[in-house]
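Here the structure is laid out as C-alpha coordinates; the discussion comes afterwards.
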Amino acid sequence: MLGARPKPESAMTYTSSLLRLLDERGYIHQLTDAAGLDALAAKQVVPGYIGFDATAPSLHVGSLVQIMLLRRLQQAGHKPVVLMGGGTTRIGDPTGRDESRKMLTADTIDANIASIRTVFARLLKFGDGSTDAVMVNNHDWLGKLGYIELLQEVGTNFTVNRMLTFDSVKLRLEREQPMTFLEFNYMILQGYDFWHLAKSRSVRLQMGGSDQWGNIVNGIELSRRKDGIEVFGVTTPLLTTADGAKMGKTAAGAVWLNDDALPAYDFWQYWRNADDRDVGKFLRLFTDLPLDEIARLEALQGSEINAAKIVLANEVTRLCRGEEAATTAATTASETFAGGGMGADLPVLTLPAAGIGIIDALVGIGFAASRGEAKRLVSGGGARIDGEAVSDDNYLIRGDSGEVRISSGKKKHGVLRPL
(Lines give C-alpha, C1' and ligand atoms only; values in the text may rest on other atoms or scores of the structure.)
Protein backbone atom coordinates (compact mmCIF):
# COMPACT_ATOMS: atom_id res chain seq x y z
CA MET A 1 0.00 0.00 0.00
CA LEU A 2 1.32 3.48 -0.90
CA GLY A 3 1.32 6.10 1.79
CA ALA A 4 3.69 8.60 3.36
CA ARG A 5 4.19 6.49 6.43
CA PRO A 6 7.07 7.57 8.66
CA LYS A 7 8.69 4.39 9.90
CA PRO A 8 8.09 3.73 13.62
CA GLU A 9 11.10 2.94 15.75
CA SER A 10 10.38 -0.79 15.71
CA ALA A 11 7.94 -1.15 12.84
CA MET A 12 9.04 -4.66 11.93
CA THR A 13 11.92 -7.08 12.00
CA TYR A 14 13.55 -7.21 8.60
CA THR A 15 14.73 -10.48 7.09
CA SER A 16 16.82 -8.99 4.25
CA SER A 17 20.34 -7.80 4.90
CA LEU A 18 19.51 -4.68 2.86
CA LEU A 19 16.73 -3.32 5.05
CA ARG A 20 18.49 -4.42 8.24
CA LEU A 21 21.56 -2.46 7.17
CA LEU A 22 19.59 0.62 6.19
CA ASP A 23 17.53 0.48 9.37
CA GLU A 24 20.38 0.09 11.83
CA ARG A 25 22.37 2.92 10.25
CA GLY A 26 19.45 5.35 10.21
CA TYR A 27 18.66 5.67 6.51
CA ILE A 28 14.99 4.73 6.52
CA HIS A 29 12.28 7.38 6.81
CA GLN A 30 9.51 6.04 4.56
CA LEU A 31 8.88 2.83 2.62
CA THR A 32 6.09 2.20 0.15
CA ASP A 33 5.79 -1.51 0.98
CA ALA A 34 8.26 -2.61 3.63
CA ALA A 35 7.19 -6.27 3.69
CA GLY A 36 7.21 -6.59 -0.10
CA LEU A 37 10.63 -5.00 -0.53
CA ASP A 38 12.05 -7.00 2.38
CA ALA A 39 10.86 -10.27 0.84
CA LEU A 40 12.21 -9.35 -2.59
CA ALA A 41 15.62 -8.27 -1.27
CA ALA A 42 15.90 -11.49 0.73
CA LYS A 43 15.54 -13.72 -2.35
CA GLN A 44 17.21 -11.87 -5.26
CA VAL A 45 19.53 -9.08 -6.35
CA VAL A 46 17.54 -5.84 -6.43
CA PRO A 47 18.69 -3.11 -8.82
CA GLY A 48 17.95 0.23 -7.19
CA TYR A 49 18.53 3.77 -8.36
CA ILE A 50 18.83 7.37 -7.24
CA GLY A 51 18.74 10.34 -9.60
CA PHE A 52 21.19 13.25 -9.53
CA ASP A 53 20.82 16.35 -11.67
CA ALA A 54 24.04 17.81 -13.06
CA THR A 55 23.57 21.49 -12.23
CA ALA A 56 27.25 21.99 -11.22
CA PRO A 57 30.60 20.24 -11.80
CA SER A 58 30.39 18.75 -8.31
CA LEU A 59 27.75 17.53 -5.90
CA HIS A 60 28.02 18.79 -2.34
CA VAL A 61 27.79 17.15 1.06
CA GLY A 62 24.01 17.44 0.98
CA SER A 63 24.03 14.67 -1.66
CA LEU A 64 26.40 12.41 0.26
CA VAL A 65 23.68 10.57 2.21
CA GLN A 66 22.15 9.49 -1.12
CA ILE A 67 25.51 8.38 -2.52
CA MET A 68 26.15 6.41 0.67
CA LEU A 69 22.68 4.88 0.30
CA LEU A 70 23.80 3.43 -3.05
CA ARG A 71 26.99 2.21 -1.37
CA ARG A 72 24.90 0.42 1.29
CA LEU A 73 22.78 -1.13 -1.46
CA GLN A 74 25.92 -2.59 -3.00
CA GLN A 75 27.35 -3.66 0.36
CA ALA A 76 24.15 -5.66 0.96
CA GLY A 77 24.63 -7.55 -2.31
CA HIS A 78 22.42 -5.51 -4.64
CA LYS A 79 22.99 -3.41 -7.77
CA PRO A 80 23.30 0.40 -7.64
CA VAL A 81 22.10 2.33 -10.66
CA VAL A 82 23.33 5.94 -10.69
CA LEU A 83 20.93 7.98 -12.79
CA MET A 84 22.44 11.22 -14.05
CA GLY A 85 19.80 13.72 -15.10
CA GLY A 86 21.17 14.79 -18.44
CA GLY A 87 17.57 15.26 -19.54
CA THR A 88 15.90 16.49 -16.35
CA THR A 89 18.72 18.97 -15.67
CA ARG A 90 17.46 20.80 -18.73
CA ILE A 91 14.22 21.41 -16.81
CA GLY A 92 15.24 21.68 -13.17
CA ASP A 93 13.65 20.03 -10.14
CA PRO A 94 11.33 22.61 -8.52
CA THR A 95 11.40 20.78 -5.17
CA GLY A 96 12.39 23.14 -2.36
CA ARG A 97 12.98 26.09 -4.68
CA ASP A 98 11.28 29.49 -4.93
CA GLU A 99 12.58 30.27 -8.41
CA SER A 100 13.51 28.57 -11.65
CA ARG A 101 17.01 27.17 -12.11
CA LYS A 102 19.36 28.72 -14.64
CA MET A 103 19.17 26.90 -17.99
CA LEU A 104 22.41 25.07 -18.86
CA THR A 105 23.78 24.13 -22.27
CA ALA A 106 24.11 20.50 -23.33
CA ASP A 107 27.92 20.78 -23.31
CA THR A 108 27.92 22.16 -19.77
CA ILE A 109 25.65 19.38 -18.53
CA ASP A 110 27.83 16.70 -20.16
CA ALA A 111 30.96 18.21 -18.61
CA ASN A 112 29.28 18.33 -15.19
CA ILE A 113 28.32 14.65 -15.45
CA ALA A 114 31.89 13.65 -16.31
CA SER A 115 33.18 15.62 -13.33
CA ILE A 116 30.58 14.27 -10.90
CA ARG A 117 31.35 10.66 -11.86
CA THR A 118 34.76 10.84 -10.14
CA VAL A 119 33.16 10.85 -6.68
CA PHE A 120 30.94 7.86 -7.46
CA ALA A 121 33.98 5.98 -8.76
CA ARG A 122 35.53 6.19 -5.28
CA LEU A 123 32.46 5.04 -3.40
CA LEU A 124 30.99 2.38 -5.71
CA LYS A 125 32.41 -0.55 -7.66
CA PHE A 126 31.47 -0.17 -11.33
CA GLY A 127 31.54 -3.01 -13.82
CA ASP A 128 29.53 -5.65 -15.64
CA GLY A 129 28.81 -7.96 -12.70
CA SER A 130 25.38 -8.60 -11.26
CA THR A 131 26.00 -6.28 -8.30
CA ASP A 132 28.39 -3.85 -10.01
CA ALA A 133 27.22 -0.25 -10.24
CA VAL A 134 26.25 1.33 -13.54
CA MET A 135 25.76 4.99 -14.45
CA VAL A 136 23.03 5.93 -16.92
CA ASN A 137 21.86 9.24 -18.36
CA ASN A 138 18.15 9.93 -18.69
CA HIS A 139 18.73 12.14 -21.71
CA ASP A 140 19.31 8.89 -23.62
CA TRP A 141 15.57 8.18 -23.45
CA LEU A 142 13.93 11.47 -22.49
CA GLY A 143 15.72 13.21 -25.35
CA LYS A 144 14.05 10.86 -27.85
CA LEU A 145 10.50 11.42 -26.60
CA GLY A 146 8.18 13.31 -28.88
CA TYR A 147 5.76 15.70 -27.21
CA ILE A 148 2.64 13.95 -28.49
CA GLU A 149 4.11 10.58 -27.51
CA LEU A 150 4.81 11.83 -24.00
CA LEU A 151 1.26 13.13 -23.61
CA GLN A 152 -0.22 9.85 -24.83
CA GLU A 153 2.13 7.46 -23.05
CA VAL A 154 2.54 9.25 -19.73
CA GLY A 155 0.32 12.32 -19.47
CA THR A 156 -2.90 10.32 -19.33
CA ASN A 157 -1.71 8.66 -16.11
CA PHE A 158 -1.39 11.93 -14.16
CA THR A 159 -4.09 14.32 -13.02
CA VAL A 160 -3.48 18.02 -12.53
CA ASN A 161 -5.54 17.79 -9.33
CA ARG A 162 -3.03 15.32 -7.84
CA MET A 163 0.02 17.17 -9.14
CA LEU A 164 -1.13 20.38 -7.46
CA THR A 165 -1.07 18.64 -4.06
CA PHE A 166 2.66 17.86 -4.16
CA ASP A 167 4.83 20.09 -1.99
CA SER A 168 7.14 21.00 -4.86
CA VAL A 169 4.19 22.69 -6.58
CA LYS A 170 1.98 23.70 -3.65
CA LEU A 171 4.66 25.55 -1.69
CA ARG A 172 5.81 27.48 -4.74
CA LEU A 173 2.25 28.59 -5.49
CA GLU A 174 1.49 29.43 -1.85
CA ARG A 175 4.52 31.76 -1.85
CA GLU A 176 3.20 33.31 -5.06
CA GLN A 177 6.42 32.40 -6.84
CA PRO A 178 6.02 31.59 -10.54
CA MET A 179 6.41 28.01 -11.74
CA THR A 180 6.95 27.47 -15.43
CA PHE A 181 5.08 24.79 -17.35
CA LEU A 182 8.51 23.27 -18.04
CA GLU A 183 9.14 22.77 -14.30
CA PHE A 184 5.59 21.49 -13.76
CA ASN A 185 6.48 18.58 -16.07
CA TYR A 186 9.50 17.53 -13.96
CA MET A 187 7.54 15.07 -11.82
CA ILE A 188 6.09 13.42 -14.94
CA LEU A 189 9.55 12.88 -16.40
CA GLN A 190 10.88 11.51 -13.11
CA GLY A 191 8.00 9.06 -13.01
CA TYR A 192 8.83 8.11 -16.60
CA ASP A 193 12.45 7.46 -15.55
CA PHE A 194 11.34 4.87 -12.98
CA TRP A 195 9.05 3.13 -15.46
CA HIS A 196 11.76 3.12 -18.15
CA LEU A 197 14.42 1.73 -15.81
CA ALA A 198 12.01 -0.93 -14.53
CA LYS A 199 11.40 -2.10 -18.10
CA SER A 200 14.90 -1.74 -19.52
CA ARG A 201 17.10 -2.65 -16.54
CA SER A 202 14.76 -4.52 -14.19
CA VAL A 203 15.12 -1.78 -11.59
CA ARG A 204 12.75 -2.49 -8.72
CA LEU A 205 13.65 0.24 -6.24
CA GLN A 206 13.96 4.01 -6.24
CA MET A 207 15.54 5.75 -3.28
CA GLY A 208 15.86 9.43 -2.40
CA GLY A 209 15.43 12.11 0.21
CA SER A 210 12.12 12.61 1.97
CA ASP A 211 11.33 15.56 -0.32
CA GLN A 212 11.24 13.12 -3.25
CA TRP A 213 8.42 11.00 -1.83
CA GLY A 214 5.77 12.33 -4.20
CA ASN A 215 7.98 11.89 -7.26
CA ILE A 216 8.83 8.32 -6.25
CA VAL A 217 5.17 7.44 -5.70
CA ASN A 218 4.38 8.83 -9.15
CA GLY A 219 6.85 6.41 -10.72
CA ILE A 220 5.50 3.47 -8.75
CA GLU A 221 1.92 4.20 -9.80
CA LEU A 222 2.92 4.74 -13.43
CA SER A 223 4.80 1.42 -13.54
CA ARG A 224 1.81 -0.40 -12.08
CA ARG A 225 -0.73 1.21 -14.40
CA LYS A 226 1.31 0.83 -17.57
CA ASP A 227 2.73 -2.68 -17.20
CA GLY A 228 1.72 -4.04 -13.81
CA ILE A 229 5.36 -3.88 -12.66
CA GLU A 230 5.76 -4.06 -8.89
CA VAL A 231 8.39 -1.54 -7.79
CA PHE A 232 9.25 0.03 -4.45
CA GLY A 233 10.38 3.26 -2.84
CA VAL A 234 12.54 4.20 0.13
CA THR A 235 13.22 7.71 1.40
CA THR A 236 15.78 8.95 3.89
CA PRO A 237 15.08 11.48 6.65
CA LEU A 238 15.59 15.16 5.92
CA LEU A 239 19.18 15.57 7.07
CA THR A 240 20.08 18.67 9.06
CA THR A 241 22.79 19.42 11.56
CA ALA A 242 21.98 19.63 15.28
CA ASP A 243 21.54 23.40 15.02
CA GLY A 244 18.95 23.00 12.26
CA ALA A 245 21.14 23.96 9.29
CA LYS A 246 20.96 22.08 5.99
CA MET A 247 23.81 19.69 5.31
CA GLY A 248 26.39 20.88 2.81
CA LYS A 249 26.23 24.63 3.42
CA THR A 250 28.50 26.82 5.53
CA ALA A 251 28.98 30.56 5.89
CA ALA A 252 31.85 30.30 3.40
CA GLY A 253 29.77 28.42 0.82
CA ALA A 254 28.96 24.88 -0.27
CA VAL A 255 31.01 21.90 0.95
CA TRP A 256 31.78 20.34 -2.42
CA LEU A 257 32.67 16.67 -2.84
CA ASN A 258 35.06 17.01 -5.79
CA ASP A 259 38.77 17.55 -5.17
CA ASP A 260 39.05 20.54 -7.51
CA ALA A 261 36.00 22.29 -6.04
CA LEU A 262 37.13 22.36 -2.39
CA PRO A 263 40.58 21.67 -0.88
CA ALA A 264 40.84 18.41 1.05
CA TYR A 265 41.81 20.26 4.21
CA ASP A 266 38.61 22.35 4.13
CA PHE A 267 36.58 19.20 3.48
CA TRP A 268 38.28 17.42 6.40
CA GLN A 269 37.77 20.46 8.62
CA TYR A 270 34.01 20.54 7.90
CA TRP A 271 33.64 17.11 9.53
CA ARG A 272 36.12 17.88 12.31
CA ASN A 273 33.96 20.87 13.26
CA ALA A 274 30.75 18.80 13.50
CA ASP A 275 28.46 19.49 16.44
CA ASP A 276 29.01 17.02 19.31
CA ARG A 277 25.37 15.91 18.94
CA ASP A 278 25.86 14.93 15.30
CA VAL A 279 28.92 12.72 15.67
CA GLY A 280 27.13 9.38 16.13
CA LYS A 281 24.62 10.04 13.37
CA PHE A 282 27.31 11.11 10.92
CA LEU A 283 29.50 8.11 11.74
CA ARG A 284 26.60 5.75 11.01
CA LEU A 285 25.59 7.46 7.79
CA PHE A 286 28.93 8.45 6.28
CA THR A 287 31.49 5.85 7.38
CA ASP A 288 31.89 2.08 7.24
CA LEU A 289 32.97 1.78 10.87
CA PRO A 290 31.33 -1.09 12.80
CA LEU A 291 28.33 -0.07 14.87
CA ASP A 292 29.89 -1.12 18.16
CA GLU A 293 32.89 1.15 17.47
CA ILE A 294 30.53 4.01 16.59
CA ALA A 295 28.66 3.45 19.85
CA ARG A 296 31.95 3.71 21.75
CA LEU A 297 32.97 6.91 19.96
CA GLU A 298 29.65 8.72 20.37
CA ALA A 299 29.62 7.91 24.08
CA LEU A 300 32.79 9.95 24.65
CA GLN A 301 32.23 12.95 26.89
CA GLY A 302 33.69 16.43 27.18
CA SER A 303 36.87 17.14 25.26
CA GLU A 304 37.25 13.43 24.45
CA ILE A 305 34.52 13.76 21.80
CA ASN A 306 37.12 15.61 19.71
CA ALA A 307 38.86 12.27 19.16
CA ALA A 308 35.63 10.95 17.64
CA LYS A 309 35.38 14.00 15.39
CA ILE A 310 38.89 13.39 14.09
CA VAL A 311 37.94 9.78 13.33
CA LEU A 312 34.84 11.07 11.53
CA ALA A 313 36.85 13.57 9.49
CA ASN A 314 39.49 10.97 8.61
CA GLU A 315 36.98 8.32 7.58
CA VAL A 316 34.75 10.55 5.44
CA THR A 317 37.71 12.24 3.76
CA ARG A 318 39.29 8.85 3.04
CA LEU A 319 36.09 7.59 1.40
CA CYS A 320 35.44 10.73 -0.66
CA ARG A 321 38.95 12.01 -1.39
CA GLY A 322 41.26 9.02 -0.88
CA GLU A 323 43.76 7.85 1.73
CA GLU A 324 46.47 10.36 0.86
CA ALA A 325 44.13 13.34 1.09
CA ALA A 326 42.84 12.20 4.50
CA THR A 327 46.35 11.67 5.87
CA THR A 328 47.62 15.01 4.57
CA ALA A 329 44.61 16.91 5.93
CA ALA A 330 44.93 15.30 9.35
CA THR A 331 48.67 16.05 9.44
CA THR A 332 48.05 19.65 8.45
CA ALA A 333 45.46 20.03 11.20
CA SER A 334 47.81 18.53 13.78
CA GLU A 335 50.67 20.83 12.78
CA THR A 336 48.41 23.88 12.66
CA PHE A 337 46.61 23.39 15.96
CA ALA A 338 49.25 21.65 18.04
CA GLY A 339 52.43 23.25 16.77
CA GLY A 340 51.29 26.59 15.42
CA GLY A 341 52.82 25.63 12.08
CA MET A 342 51.56 25.88 8.53
CA GLY A 343 50.75 22.42 7.20
CA ALA A 344 51.06 21.67 3.51
CA ASP A 345 47.33 21.33 2.94
CA LEU A 346 46.16 24.74 4.19
CA PRO A 347 44.45 27.06 1.68
CA VAL A 348 46.93 29.46 0.07
CA LEU A 349 46.51 33.01 -1.25
CA THR A 350 49.26 34.79 -3.15
CA LEU A 351 50.69 37.77 -1.24
CA PRO A 352 51.26 40.59 -3.74
CA ALA A 353 54.53 42.54 -3.64
CA ALA A 354 52.53 45.66 -2.83
CA GLY A 355 50.86 43.90 0.10
CA ILE A 356 47.19 43.19 0.73
CA GLY A 357 44.61 44.57 3.14
CA ILE A 358 43.21 42.29 5.83
CA ILE A 359 39.69 42.58 4.38
CA ASP A 360 40.77 41.57 0.87
CA ALA A 361 42.87 38.75 2.32
CA LEU A 362 39.97 37.29 4.31
CA VAL A 363 37.67 37.39 1.26
CA GLY A 364 40.35 36.16 -1.16
CA ILE A 365 41.23 33.10 0.88
CA GLY A 366 37.57 32.22 1.41
CA PHE A 367 37.17 33.01 5.11
CA ALA A 368 34.48 35.59 4.37
CA ALA A 369 31.90 35.68 1.60
CA SER A 370 31.95 39.49 1.31
CA ARG A 371 33.86 42.56 2.46
CA GLY A 372 31.07 43.33 4.90
CA GLU A 373 31.37 39.89 6.46
CA ALA A 374 35.16 40.31 6.64
CA LYS A 375 34.79 43.66 8.42
CA ARG A 376 32.47 42.09 10.97
CA LEU A 377 35.01 39.31 11.51
CA VAL A 378 37.74 41.88 12.20
CA SER A 379 35.58 44.02 14.49
CA GLY A 380 34.57 40.92 16.41
CA GLY A 381 38.18 39.95 17.08
CA GLY A 382 38.09 36.83 14.91
CA ALA A 383 40.80 37.79 12.39
CA ARG A 384 44.40 36.91 13.18
CA ILE A 385 47.74 37.28 11.46
CA ASP A 386 50.44 34.91 12.71
CA GLY A 387 48.34 34.28 15.80
CA GLU A 388 47.86 37.96 16.71
CA ALA A 389 44.40 39.50 16.61
CA VAL A 390 43.85 42.28 14.06
CA SER A 391 41.32 44.94 15.08
CA ASP A 392 41.92 47.53 12.33
CA ASP A 393 40.05 46.74 9.10
CA ASN A 394 42.60 48.95 7.25
CA TYR A 395 45.46 46.74 8.39
CA LEU A 396 47.95 46.09 5.55
CA ILE A 397 49.87 42.83 5.31
CA ARG A 398 53.20 43.87 3.79
CA GLY A 399 54.40 42.17 0.64
CA ASP A 400 57.87 41.60 2.12
CA SER A 401 56.52 39.81 5.19
CA GLY A 402 57.41 36.37 3.87
CA GLU A 403 54.97 33.54 4.46
CA VAL A 404 52.12 34.69 6.70
CA ARG A 405 49.56 32.64 8.60
CA ILE A 406 46.03 34.08 8.45
CA SER A 407 43.26 32.78 10.70
CA SER A 408 39.54 33.19 11.15
CA GLY A 409 38.66 32.27 14.71
CA LYS A 410 40.29 29.18 16.16
CA LYS A 411 39.41 26.68 13.45
CA LYS A 412 40.15 28.25 10.05
CA HIS A 413 43.72 28.81 8.99
CA GLY A 414 45.43 29.67 5.73
CA VAL A 415 48.70 30.86 4.25
CA LEU A 416 49.58 34.11 2.49
CA ARG A 417 52.57 33.27 0.33
CA PRO A 418 54.70 35.74 -1.71
CA LEU A 419 55.14 35.08 -5.42
List in chain and number order the residues that pass side-chain contact (heavy atoms from CB on, under 4.5 Å) with Arg71, two or more places apart in sequence or in another chain; answer none if no residue qualifies.
Met68, Gln75, Leu123, Leu124, Asp288, Leu319
Salt-bridge criterion met for Lys281 and Asp278 (N-O under 4.0 Å):
yes
Measure across Ala261 and Trp256 and return the closest heavy-atom pair with its distance rounded to 0.1 Å.
CB-CB, 3.4 Å
Please check if the distance between the ring centroids of Phe286 and Trp271 is under 6.0 Å.
yes
Which residue pairs pass the side-chain hydrogen bond (donor to acceptor under 3.5 Å, both in side chains) test when at least one of the two sits in residues 77-86, sequence neighbours left out?
none
Sorted by chain and number, sequence neighbours left out, side-chain contact (heavy atoms from CB on, under 4.5 Å) with Ser202 holds for none
Nearest heavy atoms of Pro80 and Gln74, plus distance in Å
CG-CB, 3.6 Å
Contact check, side chains of Asn137 and Ile113, non-hydrogen atoms, under 4.5 Å
yes
Which value, rounded to the nearest 0.5 Å, describes the distance between Asp193 atom CG and Thr88 atom OG1?
6.0 Å
Test side chain to side chain contact (heavy atoms under 4.5 Å, CB included) on Asn112 and Leu104; report intermediate values, then the result.
CA-CA 10 Å; Asn112 287 348; Leu104 302 178; 4.1 Å; yes
Axial cation check for Phe126 ring with Arg117, 6.0 Å and 45° limits:
yes
Between Thr105 and Asp107, do the side chains contain an N or O donor and an N or O acceptor separated by less than 3.5 Å?
no
Can you tell me if Gln212 and Gln206 form a side-chain donor-acceptor pair at under 3.5 Å?
no
For His29 and Ser210, test the side chains for any donor-to-acceptor distance below 3.5 angstrom and give the result as yes or no.
no
Paired with Ser58, the side chain to side chain donor-acceptor pair (under 3.5 Å) test is passed by just one of Asp260, Thr118, Asn258, namely Asn258
Excluding sequence neighbours, so at least two apart, what forms salt bridge (charged side-chain N to carboxylate O under 4.0 Å, His left out) with Arg277?
Asp275
Over 12 foreign heavy atoms within 6.0 Å of CZ, Arg201:
no
Do NZ/NE/NH1/NH2 and the carboxylate oxygens of Glu298 and Arg284 come within less than 4.0 Å?
yes
Atom pair CD1/CG of Ile305 and Leu300 - distance to nearest 0.5 Å
5.5 Å
Indicate whether any N or O donor in one side chain lies under 3.5 Å from an N or O acceptor in the other, for Gln30 and Thr235.
yes
Residues Lys309 and Asp276 bridged, charged N to O under 4.0 Å
yes
Partner residues of Arg384 under the side-chain hydrogen bond (donor to acceptor under 3.5 Å, both in side chains) criterion, sequence neighbours left out
none
Would Asp266 and Arg272 count as a salt bridge (Lys or Arg N to Asp or Glu O under 4.0 Å) if you check the C-alpha gap in whole Å, the side-chain angles of each, and the deciding distance to 0.1 Å?
CA-CA 10 Å; Asp266 291 339; Arg272 168 61 181 82; over 6 Å; no
Shortest non-hydrogen contact from Thr13 to Asp38?
O-OD2, 4.3 Å
Could you pull out all residues at least two apart from Asp360 that satisfy side-chain hydrogen bond (donor to acceptor under 3.5 Å, both in side chains)?
Arg371
So does Asp393 pair up with Lys375, basic N to acidic O under 4.0 Å?
no
Within 45° of the axis and under 6.0 Å from the centre of the six-membered ring of Phe267, does NZ or CZ of Arg321 qualify?
yes
Ignoring hydrogens and angles, state whether a donor on the side chain of Thr328 or Thr331 is under 3.5 Å from an acceptor on the partner side chain.
no
